[in-house]
Every structure is written in structure tokens, then in C-alpha cells.
Amino acid sequence: MIPKVFKEVIDLGDGREISIETGKLAKQAHGSVVVQSGKCMLLCTVVSNYQQSDVDFLPLTVDYREKFAAAGRYPGGFFKREARPSDGEVLTMRLVDRVLRPLFPKDYHAETQVMIQLMSHDDDVMPDAMAGLAASAAIQLSDIPFETPISEARVGRINGEFIINPTQSQLLESDIDMMIGASADSVMMVEGEMDEISEEEMAEAIKFAHEAIKVQCAAQVKLAEAVGKKETREYEPEREDEDLAKKIHEMAYDKVYAVAKAGSSKHERSTAFAEIKEEIKATFSEEELEDLGGLISKYYSKAEKAAIRDLTLKEGLRLDGRKTTDIRPIWCEVDYLPSTHGSAIFTRGETQALATVTLGTSREANQIDMPSFEGEERFYLHYNFPPFSTGEARPIRGTSRREVGHGNLAQRALKGMVPEDCPYTVRVVSEVLESNGSSSMATVCSGTMALMDAGVQLKKPVSGIAMGLISEGDKYAVLSDILGDEDHLGDMDFKVTGTADGITACQMDIKVKGLSYEILVKALKQAREGRLHILDKLVETIAQPNADVKAHAPKMITRRIPNEFIGALIGPGGKVIQELQKETKTTIVINEDPETEEGIVEILGTNQDGIDAVLAKIDSLLFKPEVGSIYEVKVIKMLDFGAVVEYTEAPGNEVLLHVSELAWERTENVSDVVNMGDVFDVKYFGLDPRTKKEKVSRKAIIPKPEGFKERPPRDNNRDNRGNNRGRDNRRDDRKPRGDKRD
């Protein structure tokens, strides 16, 4: 018997709907929903242990997976099974996690797992835009403590009109691709890319998405009420001691304030703070430390955070002595690595990124194979964050989710400035060598310079800055170029990248409720001032892209040829193209353009002579002589009945020069007139109507000898008589074979 199903429908306002359904699938999970739009269906489940974990944080796992069966496809690779998550899935996990995590109680430490699965795919629906809605709806149907429903929505803009959850094809026309996460009251997360939009336009896009999110939050509440809202589970809260908290605050606050005001370096500051903490712990007995050690550390951290925030709000000063709008000292260098195709160092304060650029053919494109999207990236960026960059030693276990997310942000910041006609596949790799502040924004800056150093003709240089916000009541301070500590203690962490003309990408995590759009726009405008300051430093280092790629870097030439010539260029079993690559020391890649029915030939090589040789080969394949024109040829083969000649301007294009077209006089031996290697002119006559082969003539451009008499034309009737020899008549006189036997 099918159980009772509960369902709520959300109207997107343009004929599309999103439904939230529960009661049919995965009923043993603490909460489960199926979210559907069109034929796209997501199943989301949430389970949280009833026992608190012995940790001082929330062990939350958000997992998003796309099943290939959802799109009627097989997974790639030898083992036909979904394995580790793709970068696209990881990015969706991060988007959902960043909105959910702050809404669990701070003292809730039970292991919690949110699993979202794409079960059915629709080409017109992007599933990641519904993942946050599915996660929140599942939690609302559970007894897990959670502050308020949230949802996420993608916003695009086409011809000035905003669109909620646009399709993949609509995004190609859109100048905005932003994902917004919010509750009914507050925006909590923003991430996306834009085509150089203004700060006001960005705020308008966030407002538009927030209105749609309010409707989605209301639908979750309505569904939970229809099912029967469960009582929130009880759990063992963290131990608290108000008297101890007050004591630690009094012991630590003034000392921390003094250290924070001193404007010291990260290492000096950390050492001083550690000493203050140890002094406080020294006032307690061993028994007290054993019993209260965790609370002492917790309350010290609160006192430290309060003192640093107050310093900024009261005096406008920061941990390293800067004012709120100051940018740390910057130095840059390009062409640092001698063997790379492009390189640059960007250092801002105690944050440093070294970026490299590698140029290649379409064969090196990054292949994306997901059930919801198949394609390739001709520009991509990888970000590495080794432990030594923060003075730590820890094991490296593959690429972290953080590295995937930060690399994606930097890639989105830069990719719009790579020209559409760039012939190369471009890979940028950022190695973070020091980190105290935003290394992703340092990656954008070093990546810009490395691309310019490599000779990639960027439309405009891009810079990025990380901003912070500290607020208390009516007081607030927007911080430019935040430190790592300021990221932790602030109310908003937002990263903005752009050119001198507008924003190209952003990533925001807003921790304060009810942030006004006025403060948001002010923060964005302060970020613009910081971006332009940093941009000036980049341009001082390298004013514009190098005109050419480096001498040791591969040069790329692209040629289009008709499809019918592709086979000739490749040759039987690839023999021609393989030999050509070997001889010219180039890489040749051929792709077909289905729209124009042409072949796109990419020629990559460091030696211009080799590239020219490949171009000459292509020209020779495409060479078509014109009737009546005269061409220079070279003898490449001698035959009894003529000479095979090759057009000198199109090597490889051969034609037979018949012995009768060598000279006006009768030629007994071909070698009497021409020899191997001889170069001379011939006239092209097109196809000979008698032989149906191309005809060229040497004698046609040579004056007739004086007194020359042409041979009379052949008598076709006489030839026919000679060929028949009366055989037809003899056949008629013969008796049938059967009669002869008789």
C-alpha cells in the first residue's frame, strides 16, 4: 500500500513550478523529501545521531551526488560505477553547507549527514539551484534543532530582466550567474560571476532572488505543518559557567586589547595572545584545569574576539595597525620562472601566490562529464593550498573541497576576460606560498599577471579583494583586505573581483542577521576602491599583455579547411599527419565544426619553420589550379609516356605531363626533353574530355618551331575498320556450336 504523500507546490511566476513531496521515499531517514521541477527530481535525506560527539564543533557532512542513470547514461571509466565526487558536485556541496551550518545551535555537536541525490535529470532544469531547498525542507520535516528554513536560488539577467533559476541555455545569454542563499529574513550567502556589473546592480539581483526565496521558505513551513511538525529533540547542551566567563573576560580583555592595538605581525601577535592565555591558565590549579580547561579556552576566545572587535569599532584600528580602509603593502613580479609559458608572484602583506600559465591545444581542454552537464573548458584554473603556507605540518590527502571552491572562484573571476578568439587551451595553476588573508584573491591577481606575461591577450586586467564587516547595534565598520583572524571574528566575509569597469565574480558569507542593503552597497563600494588600488599595482608591474608568447612557449596557428580535405591531411591510419608532426616537431589537432561543415586545424609548435611547413602542406592540399593559368612545376618522376610533375607552390600536388605535351616536335624519349628535378612552366587546361584527367602542357607556352607542320588528325573511320577486321561478318557466318557437334 502506498503511504500517504504530502506535497507543496511553489510557483516560479513564469509557468514553471517546483514541488516538494514527502511520505513516499526513504522514510527511515529523520527527514526526507523529493524536490521536482519539470522532469528533474532530487531526493534529499537528513540523519543526525542522538548522541553528542566528543568534539567542540558540529560534524556536519553535506553530500551531493548526480546519478548517471538520472540522465540515461553510463558512468565513464572502466568500472561503471559512480565513485568520488566531481568538482561540480563538490561546489554544490559547499554552496549548501555554507548556508546550513550557521543555523544549527552552536552547542549542537551530534554527527549530522545531509545527502542530496539527482535521481532524474531534465536538460532545462539546473539541479544545483534546488539543492539548498531540498536540504532545508528535509531538515524541517525532522526533529533536528535548526533555527529557520532557508533556500537557495540562482538569478540571471537577460536584456535587463532578472530570471529565477534560468536554464543552461538562458545562462549563455545572461550577464549574471549568481547563487543566493537566504532565510525569509536574511541573506546569508552569495556566490557567482558577472559581466562587469555595478555594485547597485549586484544588490538588485540579490534582492530579486531573496523575494523568490521567501516564497520557498513559506512552502517548507506549510509542508511541515501539513505533515505534523515534530517536536525538536532534546540534547545535552554544552556546559556553561557564567561566573567563570566573567572572570576570564576581566582577566583577558584589557591585555588582549593592548596587544591588538600594538599593530604587530601575525607571529608576534599569536605568541602574545598565547602568553596571555597561559598566564590565565596559570592562576588555576591542576584540578581546576582538568575540570574547566575546555571552558577556560572557550571563554578566553570569546574575550579575545570581543576585545579585537571593540578596538575596530571604537578606534578604527586593526590587528596589524591599519585603518579600516588600508590595504597591506603589495609587491609583484612577472616572468619569475624561466621554463613556464607565463608566471607571476603576487604578495600582499603576509599572503603570497605564485601563478603559472600553460598553453596547449584543444586536446588539453578540461573535460566535464556529469549527468547534468557535458562539455569542456578551454580556460581553467587550479588552486593549491599546501600546509606550509600557514606554518603547519599536516598530511596531504588529495584536493580539498576548499581548494576546489577557491580555485573555482578565481577561475570565474578571470575567464570572462579571456578573449573568445584565444586559440589556446589555457591552464592557470596558483601555488599559495603564504597565507594570512585571502589567498583566492591573491590567486586572481597573480593569475592576471601570469596570463599577461604568457601573451594571452586579456581584454582587461582583473584584481580581487577580501572584505570584512564588524557590527554592533548601530555601529559598524567595513574592513578592506582582511586578515585571517578578521575573517574569523567578523560578521561578513566577502570577496569581490573585477576590472576597472565592474564586478566579474563574488563570494559572500554573511553571519549577521538582517544586514541592510545600504550597508551591503557601502561595503561593495569600499571594496571597489580597494580593488582599483590593487589593480594599479598590477598594471605598474605589467601594463598590458605581452604581444607574443615566449620564445620557448608553443605558438598556435588555427586554419579552417573544407571537410573533404580532412581525410587527405590525416592519411590512411593517420600516417600523413603522424609523419608531418614528426618532421615538423609540431602538434596537430583536427576538430570538425558541425555548423560550418569545416575542419578546424590547430597547429602548435615552438619552431616557426615547423609551423610554416604544416601550413604549406595544408595549402598544397587546398591548391586548385585555374584553367588557362601558367604554373611552375618540378619533375619528380620519369615515365615512358611522360613525366610526373609537382606544382612548386603546392608540394604534394602532382599531375602527369604527357609525352605529347612536352614539345612541338615528336618526342621519342621523355629524357630527351626533361630530366628529374627540372623546373619549368606549364599551362593548365583542366580536365581532358577524352581521358577525364587533368591536362597540363609545356609546349603550349613554347613558340612553335619555324616551318613546323602539325600531324594530320587521326582517321577514326579507318581506325574502326582496322580494329574490326571483318570479324563481325565472320561471326554471322559461323554455325551454332550445337550444329557443329551434329
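This is a predicted model, so every value here is computed, not measured.
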> Should V539 and Q544 count as side-chain neighbours, where that means a heavy-atom distance under 4.5 Å?
Replying inline: no
>> Could you check whether any side-chain N or O of S463 sits under 3.5 Å from a backbone N or O of R531, counting only pairs where one atom can act as donor and the other as acceptor?
In response: yes
> Do the non-hydrogen side-chain atoms of F379 and C422 ever get within less than 4.5 Å of each other?
Replying inline: no
> Any salt bridge between K67 and E82, counting N to O under 4.0 Å?
Replying inline: no
> Do the charged groups of R363 and E602 touch, with an N to O distance under 4.0 Å?
Replying inline: no
>> Rounded at 0.5 Å granularity, tell me how far CG in L569 sits from CD1 in I588.
In response: 6.5 Å
> Between atom CD of E66 and atom CG of D369, what is the distance when rounded to the nearest 0.5 Å?
Replying inline: 10.5 Å
>> Rounded to the nearest 0.5 Å, what separates atom CD1 in I396 from atom CG in N384?
In response: 9.0 Å
> When you look at NZ of K699, are more than 12 heavy atoms from neighbouring residues, nucleotides or ligands closer to it than 6.0 Å?
Replying inline: yes
> S629 side chain to P625 main-chain N or O, any donor-acceptor pair under 3.5 Å?
Replying inline: no
> Can you say whether the rings of F623 and Y631 are parallel (under 30°), tilted (30 to 60°) or perpendicular (over 60°)?
Replying inline: perpendicular
> Could you go step by step and tell me if V432 and L354 meet the side chain to side chain contact (heavy atoms under 4.5 Å, CB included) rule?
Replying inline: CA-CA 6 Å; V432 178; L354 170 61; over 6 Å; no
>> Using the rule given for side chain to side chain contact (heavy atoms under 4.5 Å, CB included), can you reason through I561 versus L622, listing the C-alpha separation, both sets of side-chain angles and the distance that settles it, and then say yes or no?
In response: CA-CA 8 Å; I561 64 174; L622 301 179; 3.9 Å; yes
> What's the spacing between R412 CZ and L414 CG if we round to 0.5 Å?
Replying inline: 12.5 Å
>> Please determine whether side chain to side chain donor-acceptor pair (under 3.5 Å) holds for the pair E364 and T425, giving the CA-CA distance in whole Å, both sets of side-chain angles, and the decisive distance to 0.1 Å.
In response: CA-CA 6 Å; E364 280 71 53; T425 290; 5.9 Å; no
> Do we get K695 above F685's six-membered ring, with its NZ or CZ under 6.0 Å from the centre and within 45° of the axis?
Replying inline: yes
> For I603, does its backbone N or O pair with a side-chain atom of T586 as donor and acceptor, under 3.5 Å?
Replying inline: no
>> Assess the residue pair E377 and Q411 against the criterion (side chain to side chain donor-acceptor pair (under 3.5 Å)); give the C-alpha distance rounded to whole Å, side-chain angles, the decisive distance to 0.1 Å, and a yes or no.
In response: CA-CA 11 Å; E377 293 174 329; Q411 178 176 324; 3.1 Å; yes
>> Show, in sequence, the C-alpha distance, side-chain angles and deciding distance for K415 and E193, and conclude whether the salt bridge (Lys or Arg N to Asp or Glu O under 4.0 Å) test is met.
In response: CA-CA 10 Å; K415 73 177 184 181; E193 60 187 90; 3.4 Å; yes
> Which is it for T504 and T497 under the side chain to side chain donor-acceptor pair (under 3.5 Å) test, yes or no, and what are the steps along the way?
Replying inline: CA-CA 6 Å; T504 60; T497 73; 2.9 Å; yes
> How far apart are the closest heavy atoms of S440 and H406, and which atoms are they?
Replying inline: CB-CD2, 3.7 Å
>> Do R698 and F680 form a cation-pi contact, if we require the NZ or CZ to be under 6.0 Å from the six-membered ring centre and within 45 degrees of the ring's axis?
In response: yes
>> Atom NZ of residue position K624 - does it have more than 12 heavy atoms of other residues, nucleotides or ligands inside 6.0 Å?
In response: no
> When you look at V670 and D640, which way does the side chain to side chain contact (heavy atoms under 4.5 Å, CB included) test go after all the steps?
Replying inline: CA-CA 7 Å; V670 175; D640 292 340; over 6 Å; no
> Who pairs with L171 by side chain to side chain contact (heavy atoms under 4.5 Å, CB included), at least two apart in sequence or on another chain?
Replying inline: M126, R154, P166, S174, D177
>> Is it the case that over 12 heavy atoms from other parts of the model lie below 6.0 angstrom from the CD atom of Q608?
In response: yes
>> Assess the residue pair Y684 and S697 against the criterion (side chain to side chain donor-acceptor pair (under 3.5 Å)); give the C-alpha distance rounded to whole Å, side-chain angles, the decisive distance to 0.1 Å, and a yes or no.
In response: CA-CA 7 Å; Y684 181 74; S697 175; over 6 Å; no
> Taking the side chain from N669 and the backbone from S671, do they hold a donor-acceptor pair closer than 3.5 Å?
Replying inline: no
> Is any side-chain heavy atom of E665 less than 4.5 Å from a side-chain heavy atom of P705?
Replying inline: yes
> Is the number of heavy atoms from other residues, nucleotides or ligands within 6.0 Å of OH (Y336) greater than 12?
Replying inline: no
> Pairs in or reaching into residues 552-568: which pass salt bridge (charged side-chain N to carboxylate O under 4.0 Å, His left out), with residues at least two apart or in two chains?
Replying inline: R559-D619, R560-D593, R560-E598
> In terms of side-chain geometry, is the basic nitrogen of E196 or K460 positioned less than 4.0 Å from the acidic oxygen of its partner?
Replying inline: yes
> Looking at V444 and A413, what are the two nearest heavy atoms and their distance?
Replying inline: CG2-CB, 3.9 Å
>> I need the E89 CD to S372 OG distance, nearest 0.5 Å.
In response: 8.0 Å
> Does the E583 side chain pair with the main chain of L580, one donor and one acceptor, at a distance under 3.5 Å?
Replying inline: no
> Less than 4.5 Å apart, any side-chain heavy atom of F385 and any of T443?
Replying inline: no
>> Side chains of Q168 and D123, heavy atoms from C-beta outward: is any pair under 4.5 Å?
In response: no
> Are any of the side-chain heavy atoms of V404 and L91 separated by less than 4.5 Å?
Replying inline: yes
>> Which heavy atom of I542 sits nearest to which heavy atom of D453, and what is that distance?
In response: CD1-N, 3.6 Å
> Under the 3.5 angstrom rule, does the side chain of T606 hit a backbone N or O of A553 as a donor-acceptor pair?
Replying inline: no
>> Taking A83's backbone N and O only, do any of them form a donor-acceptor pair with R65's side chain (distance below 3.5 Å, no angle check)?
In response: yes
>> Any donor-acceptor pair under 3.5 Å linking the side-chain atoms of N591 with those of S362?
In response: yes
>> Using a strict threshold of under 4.0 Å (side-chain N to carboxylate O), is an ion pair present between D688 and K693?
In response: no
> Counting only N and O atoms by type, is there a donor-acceptor contact under 3.5 Å from the side chain of D122 to the main-chain atoms of K39?
Replying inline: yes
> Just wondering, more than 12 heavy atoms not from K637 lying within 6.0 Å of its NZ?
Replying inline: no
>> I need the minimum non-hydrogen distance between G88 and M370, along with the two atoms involved.
In response: CA-SD, 3.9 Å
>> Is it the case that atom CD in E626 sees more than 12 heavy atoms from other parts of the structure closer than 6.0 Å?
In response: no
> Between R666 and E668, does at least one N-O distance fall below 4.0 Å, as a salt bridge requires?
Replying inline: yes
> Any side-chain heavy atom of V635 sitting closer than 4.5 Å to one from N675?
Replying inline: no
>> Any side-chain to backbone donor/acceptor pair from Y74 onto R81? Under 3.5 Å, distance only.
In response: no
>> Looking at E431, is its backbone amide N or carbonyl O close enough to the side chain of H382 to form a donor-acceptor pair, meaning the two atoms are under 3.5 Å apart?
In response: no
>> Do Y383 and S439 pair up side chain to side chain, a donor and an acceptor below 3.5 Å, judged on atom types alone?
In response: yes
> Taking atom OG1 of T587 and atom CG of L604, what is their separation to the nearest 0.5 Å?
Replying inline: 5.5 Å
> Who are the salt bridge (charged side-chain N to carboxylate O under 4.0 Å, His left out) partners of K537, not counting sequence neighbours?
Replying inline: none
> Under 4.5 Å between any side-chain heavy atoms of C332 and M449, yes or no?
Replying inline: yes
